[in-house]
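Take a look at the structure set out below.
As a basis for the values below, the full set of heavy atoms in this structure was taken, side chains included, without hydrogen atoms, waters or symmetry mates. Chain A is the first sequence line, chain B the second, and so forth, proteins listed ahead of strands; every chain is numbered from 1.
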Number of protein chains: 2
Amino acid sequence: MTQRSTRQREVIRDVFRTSDRPLSTQEVLHAAQVHKPGLGIATVYRTIKLLSAAGWIDTVRLPGLPPRYELAGRPHHHHFYCNHCGRAFEVPGSQPLLDALVPSGFVLEHHDLVLYGRCATCALATA
Amino acid sequence: MTQRSTRQREVIRDVFRTSDRPLSTQEVLHAAQVHKPGLGIATVYRTIKLLSAAGWIDTVRLPGLPPRYELAGRPHHHHFYCNHCGRAFEVPGSQPLLDALVPSGFVLEHHDLVLYGRCATCALATA
DNA sequence: GCGTTATTGAGATTGAACAACCATTGCTAA
DNA sequence: TTAGCAATGGTTGTTCAATCTCAATAACGC
């Protein structure tokens with residue numbers, strides 16, 4: 001016997017499946033507690049680590065903020081961070097001519113483009 | 001009397017003036033201690049806060065890493081982070097068509113493009 | 001010089017994210 | 001069913017960046 005299927009893990013996986021944006025541990029906790037009251041933060045951290053190790057979710061790192069997580073295997077995209085409500089969103093990816101930027105001798109492996117501003121909801125609310 | 005000119009602050013400003021890349025607090029500490037042995041980390045933090053408030057340096061935020069600092073007022077550019085030695089570098093800026101990426105209703109205020117890979121030194125060393 | 005007081009350095013402290021601990025709970029394979 | 005043990009939840013511990021404390025130091029106006 002190695003790995004068991006528990007209600008908590010089911011709920012957490014569902015949270016990711018039904019989200020269209022990357023989620024922080026706190027966001028996962030609150031969303032999961034709706035369907036499984038009493039679920040603890042320790043279980044969120046443990047399950048995220050499991051899902052991450054299994055390649056089921058990807059880690060999204062934003063400057064100065066705790067990491068967010070999203071379903072793995074999505075097509076190339078970037079992220080938009082709302083300065084007002086603190087939520088992260090997914091934006092369609094483009095492949096700009098990054099190679100032209102890389103200095104001679106440097107080897108490019110990966111890149112992150114993060115956009116900052118106001119999401120549609122917050123832009124309306126503070127217009 | 002309001003603000004004094006101390007050897008420590010002079011040294012820290014010189015560190016930034018003679019660097020061609022953004023520096024972390026630890027990098028500033030080590031570079032400054034060469035010219036002022038015994039200089040403490042608290043002074044680095046205090047001076048960085050001062051210089052930042054004065055608009056003399058800009059903060060460079062990298063995902064999942066403590067911030068770096070660089071002389072303010074440089075032309076538009078991006079940053080390259082070496083996964084091997086942990087140093088950040090400046091790369092020439094381009095203005096990609098970001099507006100096209102922003103979803104309808106969202107308001108774009110700022111953006112960060114970070115490249116990851118190996119700097120020239122580390123690429124050579126591990127080739 | 002001298003005295004005032006801004007500044008410093010070392011260590012203690014905070015705050016946040018996350019791991020570890022452990023008694024209890026509840027899958028699951030006979 | 002039920003025994004065995006993986007998983008949970010509440011809490012404490014750990015780690016690291018950054019701030020605070022405070023006695024000692026050193027700018028600088030006079």
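- Within the structure, every side-chain polar atom (N or O) of T2(B) is placed at least 4.0 Å from both OP1 and OP2 of dA6(C).
- Placement of L51(A) and L23(A) within a single hydrophobic cluster is found when ILVMFWY residues are connected by side-chain heavy-atom separations under 4.5 Å, directly or transitively.
- Between R68(A) atom CZ and dC18(C) atom P the separation is 10 Å, expressed in whole Å.
- Applying the side-chain hydrogen bond (donor to acceptor under 3.5 Å, both in side chains) test to S104(A) and every residue at least two apart in sequence or in another chain returns nothing.
- For P103(A), the side-chain contact (heavy atoms from CB on, under 4.5 Å) criterion is met by F106(A), V91(B), not counting sequence neighbours.
- Residues of residues 45-53 of chain A that place a heavy atom closer than 4.0 Å to DNA chain C, in numerical order, are Y45(A), R46(A), K49(A).
- Hydrophobic cluster of L62(B): the remaining members, joined at side-chain heavy-atom separations below 4.5 Å, are V60(B), L65(B), Y81(B), V114(B), Y116(B), listed by chain and number.
- If you look at H111(B) and H79(A), their ring centroids are not closer than 6.0 Å.
- Residues that satisfy the ring pair (Phe, Tyr, Trp, His ring centres under 6.0 Å) test with F16(A), not counting sequence neighbours, are absent from this structure.
- At whole-Å resolution of the value, OH in Y69(B) and C1' in dA18(D) are 9 Å apart.
- Residues S5(B) and A42(B) each lie close to DNA chain C; by heavy-atom proximity, the contact nearer the 5' end of the strand is made by S5(B).
- Closest-nucleotide positions on DNA chain D for T25(B) and R7(B) were compared, and the one nearer the 5' end corresponds to T25(B).
- Ion pairing between E90(B) and R74(B) holds under the 4.0 Å rule for side-chain N and carboxylate O.
- Shown here are the side-chain contact (heavy atoms from CB on, under 4.5 Å) partners of H35(B), two or more places apart in sequence or in another chain: R7(B), V11(B).
- Using a 4.0 Å cutoff on non-hydrogen atoms, the parts of residues 59-67 of chain A near DNA chain C are P66(A), P67(A), ordered by number.
- Cluster membership for V107(B) and L113(A), using ILVMFWY side-chain heavy atoms within less than 4.5 angstrom, is not shared.
- Residues meeting the side-chain contact (heavy atoms from CB on, under 4.5 Å) test with H30(B), sequence neighbours left out: Q26(B), Q33(B).
- Side-chain heavy atoms closer than 4.5 Å link hydrophobic residues (I, L, V, M, F, W, Y) into clusters, and following such links, even through other members, never connects F89(B) to L71(B).
- Between the CD atom of Q3(B) and the P atom of dT5(C) there is a distance of 17 Å, rounded to whole Å.
- A sub-4.0 Å separation between OP1 or OP2 of dG9(D) and a side-chain N or O of Q8(A) is present.
- Here CZ of R13(B) is found 10.0 Å from CG of L50(B). Values are rounded to the nearest 0.5 Å.
- For L108(B), the side-chain contact (heavy atoms from CB on, under 4.5 Å) partners two or more places apart in sequence, or in a different chain, are F80(A), L115(A), L98(B), D99(B), V102(B).
- Residues from residues 32-41 of chain A lying near DNA chain D, meaning a heavy-atom separation below 4.0 Å, are G38(A), L39(A), G40(A) in numerical order.
- Remark: T6(A) is not in phosphate contact with dA7(D), judged by side-chain N or O atoms under 4.0 Å from OP1 or OP2.
- At the phosphate of dT8(C), OP1 or OP2 sits under 4.0 Å from a side-chain N or O atom of R9(B).
- Overall, the helix from dG1(C)-dC30(D) to dA30(C)-dT1(D) carries an axis bend of 40° between its ends, with five pairs at each end and the value rounded to 10°.
- Of the candidate nucleotides dA10(C), dC18(C), dC28(D), dC28(D) has the atom nearest to the side chain of R4(B).
- Residues forming a salt bridge (Lys or Arg N to Asp or Glu O under 4.0 Å) with E70(A) (at least two apart in sequence, or on another chain): none.
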